[in-house]
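The first residue in the sequence is number 1, and the count goes up from there. Computed from heavy atoms alone, side chains included, the values below leave out hydrogens, waters and symmetry copies.
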Amino acid sequence: MDLSVPVTDDVTLHVRHRPGTASLPFLLVHGMASSARLWDEVAGHLAAAGHAVYAVDLRGHGDSDTPGTGYDTPTAVADLAAAAAALGLDRVVVAGHSWGGNVAVRLTAERPELVAALALVDGGWLEPATSFPSWEAFAGALRPASLEGATVRSVTDYFRAIHPDWSPAAIEAAVATMRVNPDGSLSRRMSTEQHESMLRSIWNEPPGPWYAAITVPTLLMPAIPKGANDTWADRIRARIRETTAGLRHATMREYVDSEHDLHVQHPRRVADDLLDLARVVQPAHRAR
């Protein structure tokens, strides 16, 4: 079910909703230049277990409005909080992927009454100033690739080649993160300036300062890349543990031999881990 949810006087967000009767709904937050559709398979498993699911297209993404401004973490948090209020949500399990994890961290810290549990899917600990020598190096590494000459067919073939274990629906969703033009060519949904604004926010507003305010159970779900030797994998684990040390109620479930988009590559496993997290807090939620 597709919902249109006004969050400001001039911005409406698109929400992909699946109904459920379980007491705890899920709020799913995508990463930068992604969309709610990439959560579809996870959402299907969560809904099959009885939970209502709300996957939000953040501003400038998917089928949500693309205003001129507001491409930063604080605005994304405010948009999500407004969407939750409009949807009548008062206690949810929030899962955020990549930059969406950073957004979910801040939402949890700022709106503790809203969030029952937090899941960080290979994100929520993004602090590029500790990994890159300069802002310029970071911005250059995350500069969007040119779409000149790109078509639905060429990009679909490319995604199939680099993601052989993604489902056809996931490949279609990944292509749909871009705008399909009438001639079959593709273009970006956000301008270069809007993209850079989001990168600036990631650089200037790391999630670490918000950890101390988070008191709910938190699940860290890092990807350990395929081909990572023991030394490399240990460095990834150590960096995440060090970065997230301020999260007092965090546990970790690693995804070995995996890629960044865990929710797309391993939707059933991600859903099962999210359901386990919901079970931890569900008795307390029922007692409210």
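- A donor-acceptor pair is defined here as one N or O able to donate and one able to accept, closer than 3.5 Å; such a pair exists between the side chain of R179 and the backbone of R188.
- There is no side-chain donor-acceptor pair under 3.5 Å between S201 and W99.
- Using a 4.0 Å cut-off between a side-chain N of Lys or Arg and a carboxylate O of Asp or Glu, D57 and R16 do not qualify as a salt bridge.
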Evaluate D2 against H17 for side chain to side chain donor-acceptor pair (under 3.5 Å), listing each step before the verdict.
CA-CA 6 Å; D2 292 325; H17 170 53; over 6 Å; no
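- Using modelled atom types and a 3.5 Å distance limit, the side chains of T177 and S34 yield no donor-acceptor pair.
- Using a 3.5 Å distance cut-off with no hydrogens or angles, the side chains of D272 and H45 do not pair a donor with an acceptor.
- No more than 12 heavy-atom neighbours from other residues, nucleotides or ligands sit within 6.0 angstrom of CZ on R143.
- Judged by distance alone, the side chain of S131 and the main-chain N or O of P128 form no donor-acceptor pair under 3.5 Å.
- Although no hydrogens or angles enter the test, the distance criterion places a donor-acceptor pair under 3.5 Å between the side chain of T244 and the main chain of I240.
- Counting heavy-atom neighbours within 6.0 Å of R268 CZ, excluding the residue itself, gives a total of 12 or less.
- Within the 4.5 Å cutoff, side-chain heavy atoms of L277 are placed close to those of P217.
- No hydrogens or angles considered: nothing links the side chains of W166 and E172 as a donor-acceptor pair under 3.5 Å.
- How far OG of S64 is from CZ of R59: 9.5 Å, rounded to the nearest 0.5 Å.
- A side chain to side chain donor-acceptor pair (under 3.5 Å) check over residues 217-235, counting only residues at least two apart or in different chains, returns the pairs D234-R237.
- In this model, no donor atom of one side chain and acceptor atom of the other lie less than 3.5 Å apart for T243 and E127.
- Formation of a donor-acceptor pair under 3.5 Å by the D72 side chain with backbone atoms of M198 is not found in this model.
- Both V281 and L46 sit in one connected hydrophobic cluster of ILVMFWY residues. Membership requires side-chain heavy atoms under 4.5 Å apart, directly or through other members.
- In the hydrophobic clustering of this structure, L38 groups with V152; members are Ile, Leu, Val, Met, Phe, Trp, Tyr whose side-chain heavy atoms approach within less than 4.5 Å, directly or through other members.
- Judged by distance alone, with hydrogens and angles left aside, the side-chain atoms of Q194 form a donor-acceptor pair with the main-chain N or O of P67 at under 3.5 Å.
- No donor-acceptor pair closer than 3.5 Å links the side chain of D261 to the backbone N or O of V264.
- Considering all non-hydrogen atoms of both residues, R253 and P222 come closest at O-CD, 3.4 Å.
- Between the side chain of R189 and the backbone N or O of G62 there is at least one donor-acceptor pair closer than 3.5 Å.
- At least one side-chain heavy atom of Q265 sits under 4.5 Å from a side-chain heavy atom of D165.
- Applying the ring-ring contact (aromatic ring centres under 6.0 Å, His included) test to residues at least two apart or on different chains, the pairs with a partner in residues 68-98 are H97-H260, H97-H263.
- The number of heavy atoms from other shown groups lying within 6.0 Å of CG (D9) does not exceed 12.
- Under the ring pair (Phe, Tyr, Trp, His ring centres under 6.0 Å) criterion, F26 pairs with H51, not counting sequence neighbours.
- Between H266 and Y255, the ring planes are tilted. Angles from 30° to 60° get that label.
- One distance of note links OG of S98 with NE2 of H30; it measures 11.0 Å at 0.5 Å rounding.
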